[in-house]
Undergrad: 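To start, I am sharing the structure in question, which I have written as structure tokens.
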Number of protein chains: 2
Amino acid sequence: MNIADQIYSATDSATQDRAQAIRDQLRDAIVDRRLAPGTKLSEGEVGTLFDVSRTVARAALQMLSFEGLVRTERNRGAFVANPSPEEARQVFASRRLIEPGIAIAACGRVTAADIAAFRAQLDEEGRFIAERGPNARRAEIKASGDFHLLLASVAGNAILQRFMEELVARSSLVIALYGRSGVSACGHSEHTEIVGALENGDCGLASRLMLHHIDHIEADLDLRVRAGPALREALNF
Amino acid sequence: MNIADQIYSATDSATQDRAQAIRDQLRDAIVDRRLAPGTKLSEGEVGTLFDVSRTVARAALQMLSFEGLVRTERNRGAFVANPSPEEARQVFASRRLIEPGIAIAACGRVTAADIAAFRAQLDEEGRFIAERGPNARRAEIKASGDFHLLLASVAGNAILQRFMEELVARSSLVIALYGRSGVSACGHSEHTEIVGALENGDCGLASRLMLHHIDHIEADLDLRVRAGPALREALNF
DNA sequence: CCAAAAAAGATTGCATACGATTTTTGTGCA
DNA sequence: TGCACAAAAATCGTATGCAATCTTTTTTGG
């Protein structure tokens, strides 16, 4: 089974229109850092790009705005979100609150098939860590996020799963903005440990490992205010 | 200060259009049970009711769909959500996971002014409990939800605050659907205890009280499958 | 009289059009 | 040259129109 199917099965079953598809593609582009924070996403441009009218492009942008991935300003347009350090802290505070509980819930429901899916996911992560280059790094961040989404889907709570989709997407933005370089390798080993705890049915351990994992991710960020954030803002960048 | 200002200040500051206002009014109506679950909300009807075009009515309905308060079916329209018992369980599982943490966060940041706001909120709750009749009961449910939203706003995490807005709104729907009658009175005393713990700075106690409070609310629900849910579904009700 | 098919009606999905607001460009004056 | 102001272009907010889809009613055959 494809990982994407797992992740989006809950929402896509009731897929209402093309806007959803456009939202997914744009979200991938944002999470993959192909669209840099601050990039303007004009309705017309998005519309012509995907060959739809402004109406549906607008709907897609509105969805992304709800998820916090784009910021919209009245009469000015939509921009890829540029999360502040404070927002970044709130994203990770939310994850520290939610994900240990998700680990426990998943631990109580995990099946052999799930474990196999986790193993496949870990393999994929490992592949991208071995490679070098910006594309591999993008794929690595995305694969790391997919691990957390897979865990959320195993937990079996559609509401928490959606919350996690939002938090993981925003985390990717934050990591892209504030992350230092040689980070995520340790994340991979921690993922492996968590899967091991799940497999052994040690829910308390899985929860604690998850909490530490999130702490490590956040500790690798540099959330000090940058030299010219006011300037960047002023330049509408 | 009005409680509504507190609750919506985070989102309404960037109010982009009339759709947001319509969403708020519809949400209030749903939470207050003036709009029964399953009620059809046609774009045209909403539009004429608020004197806007279908375009903006549609946007408002889309927002509510994201919050899980309305369910939209392609080419059929939008309906006030009719949460299943399973959905209800997920809502409360999410709250059990999130709200104790919110209580701790709020406990660490609460100010004297916040305490005063809590007292005012408790007074308002008490007023509606004393009264009788369906309107008072609606107001009681709403006031009870506002307590939790006030706590979330004090916690100072905009992301968690938005999650709580959604969870509280959906809880109101669930309580309206599955709640037994003489319930919420005990909720009021528990709210009072929580505020007391906050005032004393006993964060652990506040967190534990909150967890028990949520358990009590859920315990007062009757989540057994009803006589004819399939029938109701079949009748498009 | 009932069941199935066909037509009519209502509602949504989407595209386009137009006024309003913002941003950019161009021009005249100090 | 530099700045203020105005015109032009671009973009957004919203209304409306048309085709597609779904629902309901009517018609028709058994």
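Order of the sequence lines fixes the chain letters, A, B, ..., with proteins taken first and strands second; residue numbering starts at 1 for each chain.
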Undergrad: How many Å lie between CZ on B:Phe50 and P on D:dA15, as a whole number?
TA: 14 Å
Undergrad: From CD of B:Glu43 over to P of D:dT21, roughly how many Å is that when rounded to an integer?
TA: 16 Å
Undergrad: Report all interatomic pairs (protein N or O, nucleotide N or O of nucleotides 15-22 of chain C) with separations under 3.5 Å.
TA:
from: C:dA15; atom 1: OP2; to: A:Ser53; atom 2: N; distance (Å): 2.9
from: C:dA15; atom 1: OP2; to: A:Ser53; atom 2: OG; distance (Å): 2.6
from: C:dA15; atom 1: N7; to: A:Thr55; atom 2: OG1; distance (Å): 2.9
from: C:dT16; atom 1: O4; to: A:Thr55; atom 2: OG1; distance (Å): 3.2

Undergrad: Excluding sequence neighbours, so at least two apart, what forms salt bridge (Lys or Arg N to Asp or Glu O under 4.0 Å) with B:Glu87?
TA: B:Arg170
Undergrad: Which pairs pass ring-ring contact (aromatic ring centres under 6.0 Å, His included) with one or both residues in residues 149-170 of chain B, sequence neighbours excluded?
TA: A:Phe163-B:Phe163
Undergrad: Please enumerate all residues that pass salt bridge (Lys or Arg N to Asp or Glu O under 4.0 Å) together with B:Arg109, with sequence neighbours excluded.
TA: none
Undergrad: Can you tell me if the side-chain N/O atoms of B:Arg58 get under 4.0 Å from OP1 or OP2 in C:dG13?
TA: yes
Undergrad: Once salt bridge (Lys or Arg N to Asp or Glu O under 4.0 Å) is applied, do any residues pair with B:Arg33, and if so which ones, sequence neighbours excluded?
TA: none
Undergrad: Once side-chain contact (heavy atoms from CB on, under 4.5 Å) is applied, do any residues pair with B:Ala93, and if so which ones, sequence neighbours excluded?
TA: A:Asn157, B:Arg96
